[in-house]
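The structure appears below as structure tokens.
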Amino acid sequence: MAYYERIKQFGTKGFLPEGWYWLTSSLSVKTGKAYPIKFLKTELVLYRGEDKVVRAFDAYCPHMGAHLCDGFVEKNSIRCPFHFWKYDEKGVCTEIPAQKDTSKIPGLKAHKVQELYGLIWIWTGENDDQEEIPVVPELKGIPLDYKLGSRFIKNCHPNVVMINAIDIQHFKSVHQLIVDLEMKVTTLSKRCIQFSNTTPVPEKNFLLKFAKRFYKKSLTYEMTYWWGHTGSVMVGPDFLHFYIIFALRPTLDGKTEGQTILVTKKRKGLIGLIINPILLFATKLVGDYFAKGDTIIFTRINFKYQTPIKADKAIIDFVEHYELQNPGLSY
Ligand code: FES
Ligand SMILES: [Fe+2]
């Protein structure tokens with residue numbers, strides 16, 4: 001049996017794991033207005049109430065199906081544009097102008113949405129044990145500065161984009177990296193897995209010998225993946241790590257839409273004001289290199305993982321992790 005025939009979820013169109021997915025930028029959802037957003041096959045209405053909190057519901061009114069984006073945001077509630085039924089911040093129908101009793105009226109299906117890094121994210125899991133929106137492990141609990149990087153489209157499933165970052169064979173072939181990477185895998189939580197390079201900087205030339213002084217142990221290259229299609233990368237010398245989050249989602253026509261997020265620690269005072277924008281700009285260059293690398297290959301690839309070899313170990317670890325993920329939403 002070919003390897004890909006044993007895989008059920010990895011790279012499979014229509015299967016979307018439970019996790020956080022980016023929907024749109026925070027700035028695009030203004031207070032007091034309702035917006036139509038389509039996430040794969042799910043039609044949503046999104047609005048920001050008077051309390052500045054963003055809410056997402058299934059888009060169509062349970063009365064006759066008017067799209068609620070044409071309705072009115074009233075404080076933290078939304079009113080349907082057709083017969084003016086009103087639904088509160090939990091989606092419960094609280095008012096029907098033509099009738100007093102609303103107790104037997106079905107409510108709107110609410111979706112969990114949250115904001116971070118200037119993006120609105122949706123949680124696709126059915127259960128209540130949702131995680132936090134992905135934060136690079138080294139930065140957990142630390143105040144952050146961030147900026148949205150680039151948006152991109154790749155002509156393949158998000159999984160194919162994700163494994164590219166731990167595909168050590170292609171670093172040597174496509175990117176001509178002279179370092180031999182070896183990725184050690186660690187499970188950080190039920191829904192989070194990490195790959196860290198364990199090899200030191202090789203002393204192949206004067207420049208590398210110099211660079212080695214800034215890496216106490218191994219050359220820092222760490223990828224973290226959460227259930228769903230979000231991953232983060234950490235690179236750089238010990239005194240200055242760069243962090244990029246890759247938030248991906250599939251499209252109905254089998255492609256990947258990605259958004260990079262550039263992150264750094266918040267630095268106080270003048271130093272933060274001057275240094276952080278420079279650092280985030282440098283991070284963007286690194287992110288763009290990753291996001292735009294391998295362009296030709298991804299425009300024509302017909303991904304089918306038929307022949308795994310030992311050098312693919314990290315990829316196989318990732319596939320196994322992905323096979324365990326709970327379904328979140330089918331499309
Ligand atoms: S369709 Fe929404 S109130 Fe009638
Ligand atoms: Fe690459």
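Relative to the ring axis of Trp22, Arg249 places its NZ or CZ within 45° and under 6.0 Å from the centre. Cation-pi contact between Arg191 and Trp227: present, with separation from the ring centre below 6.0 Å and deviation from the ring axis of at most 45°.
No donor-acceptor pair under 3.5 Å is formed between the side chain of Thr230 and the backbone N or O of Trp226. A donor-acceptor contact shorter than 3.5 Å is absent between the side chain of Ser232 and the backbone of Val136. Panel note: side chain Tyr21, backbone Leu248; no donor-acceptor pair is recorded below 3.5 Å. Judged purely by atom type and a 3.5 angstrom limit, Glu18 has no side-chain atom pairing as donor or acceptor with the backbone of Gly328. Under a 3.5 Å cut-off, the side chain of Glu323 and the backbone N or O of Phe10 do form a donor-acceptor pair. In this structure, Asp312 contributes its side chain and Ile309 its backbone to a donor-acceptor pair below 3.5 Å. Between the side chain of Gln325 and the main chain of Gly228, a donor-acceptor pair closer than 3.5 Å is present. Tyr60 contributes no side-chain N or O that, together with a main-chain N or O of Ala66, makes up a donor-acceptor pair within less than 3.5 Å. Not one N or O on the side chain of His83 forms a donor-acceptor pair closer than 3.5 Å with the backbone of Trp85. Remark: side-chain polar atoms of Asn127 are not paired, donor with acceptor, to backbone N or O of Asp129 under 3.5 angstrom.
In this structure the side chain of Ser150 reaches within 4.5 angstrom of the side chain of Lys284, judged on heavy atoms. The shortest side-chain heavy-atom distance between Met162 and Tyr225 falls under the 4.5 Å cut-off. Taking 4.5 Å as the limit, every side-chain heavy atom of Glu222 sits out of range of all side-chain heavy atoms of Phe195. The shortest side-chain heavy-atom distance between Val263 and Tyr117 falls under the 4.5 Å cut-off. Within the 4.5 Å cutoff, the side chain of Lys265 has heavy atoms near those of the Leu139 side chain. Side-chain contact between Asp88 and Asn76: absent, with no pair of heavy atoms (C-beta onward) separated by less than 4.5 Å. Asp145 places none of its side-chain heavy atoms less than 4.5 Å from the side chain of Arg267. With a 4.5 Å cut-off on side-chain heavy atoms, Lys217 and Thr198 do not count as touching.
Atom CG of residue Leu280 and atom CD1 of residue Ile278 lie 10.5 Å apart, to the nearest 0.5 angstrom. Interatomic distance, Leu16 CG to Lys41 NZ, rounded to the nearest 0.5 Å: 12.0 Å. Rounded to the nearest 0.5 Å, atoms CG (Asn197) and CE (Met223) are 13.0 Å apart. Thr260 contributes atom OG1, which lies 10.5 Å from atom NZ of Lys147 (distance to the nearest 0.5 angstrom). Rounding to the nearest 0.5 Å places CG of Leu208 at 10.0 Å from NZ of Lys212. With values rounded to the nearest 0.5 angstrom, Glu138 atom CD is found 7.0 Å from Ile142 atom CD1.
Under the 30°/60° scheme for interplanar angles, the aromatic rings of Phe206 and Phe210 are found to lie parallel.
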Exercise for the section: Would you sort out whether Tyr87 and His63 count as a ring-ring contact (aromatic ring centres under 6.0 Å, His included), showing the intermediate values? Expected result: CA-CA 12 Å; Tyr87 302 91; His63 180 213; 9.8 Å; no
Handout entry: Thr186 vs Gln194, side chain to side chain donor-acceptor pair (under 3.5 Å): CA-CA, chis, key distance, verdict
Key = CA-CA 5 Å; Thr186 315; Gln194 190 173 71; 5.0 Å; no
Exercise for the section: Run the numbers on Thr220 and Met234 for side-chain contact (heavy atoms from CB on, under 4.5 Å), then give the verdict. Expected result: CA-CA 7 Å; Thr220 308; Met234 177 174 96; 3.7 Å; yes
Practice task
Tell me, with the steps shown, if Ile122 and Phe39 meet side-chain contact (heavy atoms from CB on, under 4.5 Å).
Solution key: CA-CA 9 Å; Ile122 185 165; Phe39 179 58; 4.1 Å; yes
Problem - side-chain contact (heavy atoms from CB on, under 4.5 Å) between Phe242 and Leu285, intermediate numbers included - result: CA-CA 11 Å; Phe242 294 91; Leu285 298 181; over 6 Å; no
Exercise for the section: Could you please spell out the steps behind the side-chain contact (heavy atoms from CB on, under 4.5 Å) verdict for Thr42 and Lys38? Expected result: CA-CA 6 Å; Thr42 310; Lys38 195 167 178 203; over 6 Å; no
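Other residues, nucleotides and ligands place more than 12 heavy atoms under 6.0 Å from the CZ atom of Phe72. More than 12 non-hydrogen atoms from other residues, nucleotides or ligands lie less than 6.0 angstrom from CD of Gln99. Surrounding CD of Glu182 are at most 12 heavy atoms belonging to other residues, nucleotides or ligands under 6.0 Å away. Other residues, nucleotides and ligands place no more than 12 heavy atoms under 6.0 Å from the NZ atom of Lys268. For Glu132, the CD atom counts as loosely surrounded, since its 6.0 Å shell holds 12 or fewer non-hydrogen atoms of other residues, nucleotides or ligands.
A side-chain contact (heavy atoms from CB on, under 4.5 Å) with Leu219 holds for exactly one of Val235, Val179, Asp180; it is Val179.
Ion pair Lys112/Asp128 flagged as a salt bridge, since at least one NZ, NE, NH1 or NH2 atom sits closer than 4.0 Å to an Asp/Glu carboxylate oxygen. Under 4.0 Å is where a charged nitrogen must lie from a carboxylate oxygen, and between Asp51 and Lys75 no such pair does. With respect to Glu89 and Arg55, no salt bridge is recorded, no charged nitrogen being found less than 4.0 Å from a carboxylate O. The pair Arg151-Glu257 fails the salt-bridge criterion, with no side-chain N (NZ, NE, NH1 or NH2) lying under 4.0 Å from an Asp/Glu carboxylate O. Electrostatic pairing of Lys216 and Asp238 does not count as a salt bridge here, judged by no charged N lying under 4.0 Å from a carboxylate O.
Residues Tyr322 and Val233 share a hydrophobic cluster, clusters being chains of Ile/Leu/Val/Met/Phe/Trp/Tyr side chains in contact below 4.5 Å. In the hydrophobic cluster analysis, where Ile, Leu, Val, Met, Phe, Trp and Tyr join through side-chain heavy atoms closer than 4.5 angstrom, Leu108 is grouped apart from Leu329. No single ILVMFWY cluster, assembled from side-chain heavy atoms under 4.5 Å apart, contains both Val161 and Ile153. Following chains of ILVMFWY side-chain contacts shorter than 4.5 Å, one cannot reach Val45 starting from Leu23, and the two form parts of different hydrophobic clusters. Note on Ile245: it does not cluster hydrophobically with Leu240, by side-chain heavy-atom contacts below 4.5 Å among ILVMFWY residues.
Between Tyr221 and Phe171, the gap from one ring centroid to the other is short of 6.0 Å. The distance between the ring centers of Trp123 and Trp20 falls below 6.0 angstrom.
With 3.5 Å as the limit, one finds a donor-acceptor pair spanning the side chains of Glu115 and Ser26. Tyr3 and Gln306 share no donor-acceptor pair across their side chains, judged by distance under 3.5 Å alone.
Of all non-hydrogen atoms in Ile316 and Tyr305, the two that sit nearest each other are CG1-OH, 3.9 Å. Closest approach of Tyr146 to Gly118, counting heavy atoms only: CE1-N, 3.8 Å. Closest of all the heavy-atom pairs between Val113 and Ala56 is CG1-CB, 3.6 Å.
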